Structures are given as C-alpha cells and as structure tokens.
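Inspection log for the structure reproduced underneath, given as structure tokens.
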Number of protein chains: 2
Amino acid sequence: MQMTLKRRETMHRLCGKGLEIFNEKGYYNTSLDDILNELSLSKGAFYHHFKSKEDYFINIVQNLIVQKVYALLVEPLNTCENPLPAILESLENALEPGKKNEMAYGFMLNDFLTEFNKRNEEISNHLKSILSVWEVNLVSVLKRGKVDGHIARHVDCEGAATYIIASFLGMRSLMMDSTNGQLKYQYIQQLKQYFNAIAAQRVAA
Amino acid sequence: MQMTLKRRETMHRLCGKGLEIFNEKGYYNTSLDDILNELSLSKGAFYHHFKSKEDYFINIVQNLIVQKVYALLVEPLNTCENPLPAILESLENALEPGKKNEMAYGFMLNDFLTEFNKRNEEISNHLKSILSVWEVNLVSVLKRGKVDGHIARHVDCEGAATYIIASFLGMRSLMMDSTNGQLKYQYIQQLKQYFNAIAAQRVAA
DNA sequence: AAGAAACCAGACTAGTGGGTCGGTTTAGAG
DNA sequence: CTCTAAACCGACCCACTAGTCTGGTTTCTT
C-alpha cells in the first residue's frame, strides 16, 4: 500500500498549503494555480486527488480546521476547576499571534464563515457545525460550573455561550489590521468584567 | 442644470440598488450586470457615472453606509441620561430585522469588513474609519457616563467600547442564518450582565 | 519482465466579469 | 428648429480561473 502513502502525503501537502493560503487571501481570491505553483504541482495532480475546489476545501475544513478548533477551544475547557478562567485562557490563547509562521489570531473561523455565508451553503453548514460543537461544549462546561457553584444560578448558559462566541468572532474582525497588541488585552479585561457579573457571589461569612 | 439632476438621480438609483444587492450577495459575488439588469441600465451608463466598480462602492460607503451608522449607532447615543441603556437600545435596534424590505441586522458592517480585509485595502480603510467614528463616540459617551456617576470609575472606556463593538460584530456573524429571534434576545440579556459589571454601584444608604 | 494502476504534467476549454469604445438618444439653450 | 453636450446603449475585448483531456512516468503486483 505504498501508493496510498504517496497519495496521503500529496493530499496532506495540498491541504496544509491550501489552508495557509486560503487563510491569508480568502477562498475565492485564491486560485488553484496559486497553491499549485507554490507546491510545484499541476492541475492534473490536483484533480487526481480532489474532485473539485469545493471538495478540496471541505476536506481542509473537516480535517485541519476541526482539529484546530478542538485543540484550541474545546479541549482546554475540560479542566476540573472553575470553568471561567479556563474559558478565558483558551480565548486568550486562541487570539495569540501564531508562533513563527503558523496560523494566527484564533484564525479564520469568522472570516470563512462570512465569506461562505452568501456564497456556498454546503461549506457554510460545515463551518457552522464546527461553531455548534464549540457552543455545545461551552454550554455544558458553563452548566457544570453552575452545579459546582462557580457560576451564579440565574445565568442563562446558552445565552452566555452565544455571547462569548460572538465577542470572540467580533474580535477577530477588529484585529485584522496591525495595531492589535492591546486589543487582545482590552478584550480579555472586559471579558473578565463580564465573567465577574455571571460568577457566583462569594459571600465571605 | 437639469442634466446634473438627471445625473444625480441615476447615480442615486445605482447606489441604492447596489447597496441592496451587495449586502445581499456580497461585493465580489455581485457582477455589475446583476445590478444593471435590475435597473435596466447598461454598462455604458454605469461607466459614464463611475470610473470603476471600486469607485462605485466607495461612493456607496461614504454616502449610504456612513449615514446608516450615524443614524443607528451614533446619534442615539446622545441622550443626556445614563449612557448604558442608550447604548443597549441602539444595539438592540440595530440588530432588528429591517422593517419591510430594508437592510436588516445591523447590516453589513462586519460582512463588508471581512470581505475587503484581505482583498482591497482602500475600501477596507474606508470601512475601518467608519468603525472608528463609532468607537470614538462610544468612548466619549462612556467617559461622560463616568463623570456623571453612571459608570464605575475603574472602567477602561476604550476597552469597553472595543468590547461592545466586537460583540456586536460577532453577533452579526452568528445571526446570518434563519434561527435568530432568540439570538438577539440572548445577546441583549448578556450585554446587560456586562453593563451591570461596569455600572457604578448604587449603594443604597 | 510485464502489465496495470496510481500519479502527475500542462495545454486546452468554457464561462465569467470588469472595463472600453464607437455610436445613438435625449434634453436644454439659443 | 437646430445644435451641442450629456446621458445612455450594447457589442466587444481581455484577463482570469475552475475544470477537462491526453499522454507520459513512476510504482506496485504477479
């Protein structure tokens, strides 16, 4: 099955570079040749592995993007401590500029969501389902926090999750330009204020 | 100078319909013919009035979009009361589905911002400057609220403004699909929580 | 060794969409 | 009524890009 290995390797290279360039320039503003030239591959190679540009991108979404969201935004939530600081840390980390040349700034979710929204329903649905996974996990973690007495009982966990996601996506829109260092700091600070408001009151005595 | 009137009228029709369709389908996903057909105008007519598609859109931004942002998000802030409810109301109103067929959902700012971000720096800058106007006004209103004792003294007004804008932009991303009625409600509720956190404590007695 | 299957090169097709250009209509001034 | 200039028309041009096709090369199987 050596051929399968070769296949996997080429597809992997294609997906990796694809995500990189799509993230950089946007999906519709990137031609296949842009990617192919960069990898010294040809149209023939590409269409041997993927049946269309759309199929290709869905592949990228379901492999690479899903993984990233899990690693950055879902798994860090599973600490047994107070969920609020855990959420805060995951968001802060996700907004971090990429180490070295890697994907930066909580990457792309908002960008792709917006780009495909009015253009390609199928891809749009894939992306939304990723968001949905994140949301579900956020909600469940918040609810657990309520049970554990870290979050006030009156809090609407679904609403809170939606709100957190919205603010995060919005920050990505604002951080697109260069002057960003303090934006992230400001965001985290204000989020803390909000978290204070939904945290259980620690009544001393 | 009747000709100038004719000119203005045609340009006005073009801009209005343009904003409508661009908002609906996105700028790059809308061809000039899409708009021209709708108005029964020709390429020739278009290029008689605008020097390019880009020039055309900048025109739309600087006339129509600026106006809408002012009307919906800036002017409502100028009440002499507590700024927090005023902000809340302006956001709620801006997220309202358009009456009749008008532009809906706090319209387009986030969408266009994202669409042009990696594509057209000039337009991108125009849009950012609109955001900036909103931000400046938010900050000044917040600061006034601090002076008037409605907002806690420790609050970072710039940070708060950024945060409010981010959450608003993010909501737009989330509200793109159909199931939205309660999203807005959730958002407003959570925003209230946040506002509670930054409001001056009313110590009774 | 030979044949098949996977892999890849690159010219070509077809469709799209921004922008151009010469000609035609319209409307207001004299 | 004429004459001019602005407004407008629409066929055409050109650059770009997703996707196809043919043919060649490598790699595995038997």
Side-chain angles (χ1 to χ4, degrees), chain A residues 1-19 21-22 24-61 112 115-116 118-124, chain B residues 1-61 112 115-116 118-124:
Chain A
M1 285 298 183
Q2 204 70 358
M3 47 196 164
T4 302
L5 274 185
K6 185 87 186 291
R7 181 181 179 82
R8 283 206 176 283
E9 197 247 325
T10 301
M11 289 176 77
H12 192 263
R13 280 207 307 151
L14 276 167
C15 287
K17 185 58 84 176
L19 177 57
I21 302 187
F22 286 143
E24 209 172 285
K25 309 200 314 172
Y27 176 83
Y28 290 106
N29 196 31
T30 301
S31 71
L32 292 180
D33 283 329
D34 289 342
I35 299 166
L36 264 10
N37 288 338
E38 197 100 352
L39 295 175
S40 300
L41 283 176
S42 66
K43 279 277 174 65
F46 179 88
Y47 280 94
H48 179 72
H49 295 294
F50 301 98
K51 68 182 229 295
S52 66
K53 189 185 181 187
E54 178 179 356
D55 173 58
Y56 171 50
F57 189 74
I58 290 177
N59 226 286
I60 291 177
V61 170
F112 286 144
E115 186 170 12
F116 290 110
K118 297 160 182 171
R119 283 265 229 164
N120 184 313
E121 194 176 342
E122 183 175 357
I123 294 183
S124 192
Chain B
M1 283 300 181
Q2 204 71 358
M3 48 193 162
T4 300
L5 274 185
K6 188 86 187 293
R7 178 183 181 83
R8 283 206 177 281
E9 197 247 325
T10 301
M11 289 178 76
H12 192 262
R13 281 205 308 149
L14 277 168
C15 288
K17 185 56 87 176
L19 177 57
E20 181 187 326
I21 302 188
F22 286 143
N23 182 45
E24 209 173 286
K25 309 200 313 170
Y27 176 84
Y28 290 107
N29 197 29
T30 302
S31 71
L32 291 180
D33 284 328
D34 289 342
I35 300 166
L36 264 9
N37 288 337
E38 196 100 351
L39 294 175
S40 300
L41 283 176
S42 66
K43 278 276 176 67
F46 179 88
Y47 279 94
H48 181 68
H49 295 295
F50 301 97
K51 67 184 232 293
S52 66
K53 189 184 181 188
E54 178 180 357
D55 173 57
Y56 171 49
F57 190 75
I58 291 177
N59 226 286
I60 292 177
V61 170
F112 286 145
E115 187 170 11
F116 291 111
K118 298 161 182 171
R119 285 265 229 163
N120 185 314
E121 194 177 342
E122 184 175 357
I123 295 184
S124 192

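Residue numbering restarts at 1 for every chain, and letters A, B, ... go by the order of the sequence lines. Fair warning: this is a prediction, and the values are worked out from it, not measured in the lab.
The aromatic rings of B/F46 and B/Y56 sit perpendicular, their planes meeting at an angle over 60°, well past the 30° parallel limit.
Here the C1' atom of nucleotide D/dT27 and the CZ atom of A/R8 are 18 Å apart, to the nearest Å. In this entry the distance linking CG of B/L41 with P of C/dT26 reads 14 Å, nearest Å. Between B/E9 atom CD and D/dA6 atom P the separation is 19 Å, expressed in whole Å. B/M11 has its CE atom 15 Å from the C1' atom of D/dC8, to the nearest Å.
Interatomic distance, B/L14 CG to B/H49 NE2, rounded to the nearest 0.5 Å: 7.0 Å. With values rounded to the nearest 0.5 angstrom, B/F112 atom CZ is found 13.0 Å from B/S124 atom OG. Put simply, CD on B/E20 and NZ on B/K17 are 4.0 Å apart, with the number rounded to the nearest 0.5 Å. Taken from CD1 in B/I60 to CZ in B/F22, the straight-line distance is 5.5 Å, to the nearest 0.5 Å. For the atom pair NZ of A/K53 and CD1 of A/I35, the computed distance is 7.0 Å after rounding to the nearest 0.5 Å.
Listed for the A/N37 side chain is a donor-acceptor partner under 3.5 Å among the backbone atoms of A/D33.
OP1 and OP2 of D/dA6 both lie 4.0 Å or more from every side-chain N or O belonging to B/R7. Considering only side-chain N and O atoms, A/T10 lies under 4.0 angstrom from the phosphate OP1 or OP2 of C/dC8. A close approach under 4.0 Å does occur between a side-chain nitrogen or oxygen of B/K6 and OP1 or OP2 of D/dC8.
Residues from residues 46-59 of chain A that place a heavy atom under 4.0 Å from any atom of DNA chain D, listed by number: A/Y47, A/S52, A/K53. Taking every heavy atom of residues 25-38 of chain B and every atom of DNA chain C, pairs under 4.0 Å involve B/T30, B/S31, B/L32, by number.
Between A/K43 and B/G44, it is A/K43 whose nearest contact on DNA chain C lies nearer the 5' terminus.
Looking at every heavy atom in both residues, B/K118 comes nearest to A/E24 through CD-O, 3.3 Å.
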| task | Take B/Y27 and B/F57 through the ring-ring contact (aromatic ring centres under 6.0 Å, His included) test and state the conclusion after the steps. | result | CA-CA 9 Å; B/Y27 176 84; B/F57 190 75; 5.0 Å; yes
